[in-house]
There are 2 protein chains.
Amino acid sequence: MIGKSASGKNGKAVPQTRIQKAKREAILEAGLTVFSEAGFRGATLDRIASEAGLSKPNLLYYYPSKEAIYEALLRGLLETWLDPLQAIDPKGEPVEELLGYVRRKLQMSRDFPRESRLFANEIVQGAPRIMPVLEGELRGMVDNLSTVIDGWIAEGRLAPVDPRHLMFSVWSLTQHYADFDVQVRAVLNADDPFPGAETHLDVLFRRLLTP
Amino acid sequence: MIGKSASGKNGKAVPQTRIQKAKREAILEAGLTVFSEAGFRGATLDRIASEAGLSKPNLLYYYPSKEAIYEALLRGLLETWLDPLQAIDPKGEPVEELLGYVRRKLQMSRDFPRESRLFANEIVQGAPRIMPVLEGELRGMVDNLSTVIDGWIAEGRLAPVDPRHLMFSVWSLTQHYADFDVQVRAVLNADDPFPGAETHLDVLFRRLLTP
DNA sequence: CGTTGATTTGACCGGTTGGTCAAATCGGAA
DNA sequence: TTCCGATTTGACCAACCGGTCAAATCAACG
């Protein structure tokens, strides 16, 4: 929060040596693993440090505190997480646009399960550190998309749905395969859930959204 | 794990005075609140004790360890959680039976959000303590229900769906309103989400399941 | 080689946490 | 009242955890 932040006094990025960049990345990578497995409180600096191949004081040389690592992680995460929403094209074919969004979100659950679980941990425990983002950016984006969807419905190109609950459905159905992975695999007998999930969600949303 | 377990040497319940029963219940109640807010590791005995109106040593007089409280909680929780599944009647009208299940699960999210969040915490973090139940009881019940559903589909009384992914859909869509409550409310501007959720899920599953 | 700043670490600290223990207190039966 | 087991608690402990610090090491450059 003090001098080490990402932008200098003139808005230009603070100079970062190659080694600094590599170490910070290793720390974030290790932090992602540990925080997503154990939550903020369950994670320990010792485990993050050892996972990153550093000593604890060395880790604290790059990030001033446990909080700082966690917050850096959340900040970077949110961009990735909100991206697929931005990619929805108001001028596209409604059903296909939304199905594409579902497919992208499901792929993120497959490819970045740790990120999904980190986010889940934060929200389940009351989102103490990202409430402002939820009420600000996220709500704004959902409000915008809701207008678009309501327009599509009015034009008869989409079956009538509550846009916000539709968003909740997309999020919960796709993220479930990352967040509840162990349960899914226990029920499925350890097969890869994703091929089945993709066809299932395709059917589900096509039936829901086709006028 | 030693003498204080629920069944004596002859299988009969160990005698419990009224005061023991009340105190243990108060501890579980407090534990549910604290564990669901903070996860296993984030919860502290001090907080549970104070929430239950006891001193810490007094709490440990009734349960021998933090683990013991948590496990007692999980054990009791799972019954409640699996009950609505049992209530599905293979002889009933398929679509209505499944919609009833969805409605019961959603009501549980509304009425017992702490239970849902405790469960979510446990699963997200890898289900270290209830894996056996997932692979045993839960999978067995899902296998049975899958047979029933496949039968319904073969009779043409239900649209073709993968029964297991259907289960995942019911769980994720309903539990989302408890587990991600803060996010839902942030997006909806703090209105009560449940009326809207009920009609939305009714439409969603009716469209998915009607042949 | 010597210097200088960046990097790394062992030792340490204060606070918290799960758990123990011996002693005090309570409450009901005789 | 006396007694006895059930209950309650203050004091305490060892382990852990986030974080500090001074000293050591490293790496690049002149």
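Chain letters run A, B, ... following the sequence lines, proteins first, then strands; residues in each count from 1.
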Using five pairs at either end of the helix from C/dC1-D/dG30 to C/dA30-D/dT1, determine the angle between the two local helix axes and round it to 10 degrees.
10°
Determine, stepwise, if the pair A/D202 / A/R103 fulfils salt bridge (charged side-chain N to carboxylate O under 4.0 Å, His left out).
CA-CA 8 Å; A/D202 204 86; A/R103 233 171 277 127; 3.3 Å; yes
Could you work out, with salt bridge (Lys or Arg N to Asp or Glu O under 4.0 Å) as the rule, every residue matching B/K56, not counting sequence neighbours?
B/D46
Does B/E97 have any salt bridge (Lys or Arg N to Asp or Glu O under 4.0 Å) partners at least two apart in sequence or in another chain, and if so, which?
none
Can the positive tip of A/R24 be found less than 6.0 Å from the middle of the six-membered ring of A/Y63, inside 45° of the ring normal?
yes
A/F40 six-ring face occupied by A/R129 cation (under 6.0 Å, within 45°):
yes
Donor-acceptor contact present, side-chain [X] to main-chain [Y], <3.5 Å:
{"X": "B/K23", "Y": "B/A52", "result": "no"}
{"X": "A/S116", "Y": "A/F112", "result": "no"}
{"X": "B/R117", "Y": "B/A178", "result": "yes"}

Which two nucleotides bound the region of DNA chain C that has atoms under 4.0 Å from heavy atoms of chain A, read 5' to 3'?
C/dA6 to C/dT17
Residues 188-195 of chain B, side-chain donor-acceptor partners within the protein, below 3.5 Å, at least two apart:
from   : atom 1 : to     : atom 2 : distance (Å)
B/N189 : OD1    : A/R139 : NH1    : 3.3
B/D192 : OD1    : B/F194 : N      : 3.1

Please give, in whole Å, the distance from D/dA6 C1' to B/N58 CG?
11 Å
Tell me the interatomic distance from A/R47, atom CZ, to D/dG18, atom P, rounded to whole angstroms.
12 Å
If you compare every side-chain N and O of B/Q20 against the phosphate oxygens of D/dA6 (OP1, OP2), does one of them come in below 4.0 Å?
no
Output a table of nitrogen or oxygen pairs between the protein and nucleotides 13-17 of chain D separated by less than 3.5 Å.
from   : atom 1 : to    : atom 2 : distance (Å)
D/dC17 : OP1    : B/R41 : NH2    : 3.4

B/F205 vs B/H200, test: ring pair (Phe, Tyr, Trp, His ring centres under 6.0 Å). Steps then yes/no.
CA-CA 9 Å; B/F205 280 106; B/H200 173 71; 9.2 Å; no
